[in-house]
Amino acid sequence: MVRRVLALPSGRIAVVILVLIAFLAVLGPLLAPQNPLATSADTLAGTSGAHWLGTDYLGRDVLSRLLDGSRISVLGSLEVALTALVVGAVPGILSVYLGRTFEWITLRLADTLVALPFLLFAVAVIALLGNGITQAMLVTGALVSPLFYRVSRAATLSVARSLYVEAAVIAGASVGWVVRRHVWLKVLPPIAVALAQTIGVGFVIVSSLTFLGIGVQPPAPTWGGLLASDLAYLSRRPWAPLAPAVLIMITVWACNLLADAIRDVSGEAGRALVNHRKARANRLDKAEPAPAGGA
Amino acid sequence: MTTLSEKLHVQADESTVSADPPAPVLSVRDVRISDQAGDREIVHGVSFALTPGRAVGIVGESGSGKTLACRAALGILPAHFEVTAGSIEIDGRDIAGLSSAEWTALRGATISAVFQDPASYLNPSIRVGAQVAEVIRVKKGVKRGEARRQAIDLLRAVHLRDPELVYGQYSFELSGGMLQRVLIAAAIAAGPRILIADEATTALDVTVQAEILDLLADLREETGLALVVVSHDLAVVAQLCDEVLVLRQGEVVEQGPTRQVLHDPQHEYTRLLIAEHEQYGLDRFLAPKEDA
């Protein structure tokens, strides 16, 4: 699947962007040309050799702050996505196999979670447990987990009824074997799509929270915080929110692009698409020999 | 084929050589199956006993309850179907009280099955060889490499040319006859004593069908596999089975040794089936035996 995603131009673009962002998250604080917390007299400056992206209202270097803040955004969105994956997909698959009671309970729980507004809930949890991005993200992850629950349950249901699972059962397969071998393969593509999508949603959530000043103590730089801090000085420096906004936008766009690319190459439609592209590429080439057979 | 009989731990010799009738490996006694939702009985009493190396045929038109009877023996009746009377014993054990773990242990290792439409019984996303090897690995508890070797041996034993190549292919790359061979290989991988072939050759064309039937006959001779052959086609059953049950709307209308049923059908329905099939070459099986 990885190879097929990379075969699509959109998949390549998305992967390159996300790798760059991940790179920023790991090395960002080291790459920052200046101390992101150091203030200077040179406030609200424009682009210059010393400050590539200018300075904010306290004279802090915007580029350094962006680079330094990338780690929180990336970590936060990954926390959301992975929590959602574990909390959602595991019961999603098991709901098909663990009997009616478990199925009923998890379905109702999923419905309940969908009904809760996660941004408000995250704020409430921070109020309860103290300011911290991690607890906010874990709760948000749990609240967006119904997506994974639904997706993995739907895929599992379709496999559970398939004849090859029946054949495996007749060959003496246990439930564990069926899930490991057959369900897993079917659940993986939709889960990969949901994961890429949720990472994008995670970025938006982290940025929204930090924009509101929730989750991270103010002097520490964040993408959302940068967006917020310069908003008050729009009259003097109208381009100020541009850099963090563009960064957030590109990241989320890349996540959605990746989700689309994964969806495009998985399943029946995906095979048709890839074959179509292959056929076009091979049009002038010699025809491939037919697969050789046995009996 | 010697490799196959070595691979499968089925006691063929004692059963075929000994003078006493051996204990039946599958015995079905007056089994009745009902649809609990519609509250009506679908199968009204099927009985037969199957000893190792023998083959029993179940013939009847669609909806006569053939497949339900087989599924009952495999413990995979569809939802809300139930065995309401009679008993099924596999290798001397009544299946009524089996837990799902006991079923898992029994299936594949003692009783197995192949069905119509082999393409949908293989996972299209996994190489076919790996699916055969998986059964060997889990059921016999051998290592991956050893399972792979045994799977290739099995693919060779079911007369697939170039088994190494087939091992690495996907189900959509193989023809129907090849797929059915792969499925048979998977079904006998764990050395079962009973194989149920439910319309196993129906979707195949006539020549491939003959090859698959020959393969089943070989397996039966070499390994002492007991066969239950389910078909709507009398010719298939005539070719392979010692005993025939003719099923009509869940009722066994005639039962007996194949030769006797085909030559001297007692029930008008059997006569009708035979008459219908004469034009398709059933006389091929009738003629030489009339001389004998």
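Not measured: the values here are computed from a predicted model.
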Let me know if [X] has heavy atoms under 4.5 Å from chain A in its side chain, its backbone, both or neither.
| X | value |
| --- | --- |
| B:R71 | side chain |
| B:A119 | neither |
| B:V138 | side chain |
| B:I111 | backbone |
| B:A109 | neither |
| B:I76 | side chain |

Worksheet item: Are the side chains of B:V114 and B:Y121 in touch, meaning some heavy atoms are under 4.5 Å apart?
Response: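 No, side chains not in contact.
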Discussion item. Could you tell me if the side chain of B:R193 sits less than 4.5 Å from the side chain of B:I90, heavy atoms only?
Written reply: no
Per-residue contact mode, [X] against chain B (heavy atom under 4.5 angstrom):
| X | answer |
| --- | --- |
| A:A168 | neither |
| A:I170 | both |
| A:V169 | both |

Worksheet item: What's the spacing between B:I194 CD1 and B:C70 SG if we round to 0.5 Å?
Response: 11.5 Å
Worksheet item: Counting only N and O atoms by type, is there a donor-acceptor contact under 3.5 Å from the side chain of A:T198 to the main-chain atoms of A:V201?
Response: no
Discussion item. Donor-acceptor pair, distance only, cut-off 3.5 Å: does the side chain of A:R4 make one with the backbone of A:V265?
Written reply: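 Looks like yes, one N/O pair under 3.5 Å.
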Discussion item. Please rank A:A167, A:A171, A:S162 by heavy-atom pairs under 4.5 Å with chain B and give me the top one.
Written reply: A:A171
Worksheet item: Within 45° of the six-membered ring axis of A:W104 and under 6.0 Å from that ring's centre, is NZ or CZ of A:R108 located there?
Response: yes
Discussion item. Do B:R148 and B:Y167 form a cation-pi contact, if we require the NZ or CZ to be under 6.0 Å from the six-membered ring centre and within 45 degrees of the ring's axis?
Written reply: yes
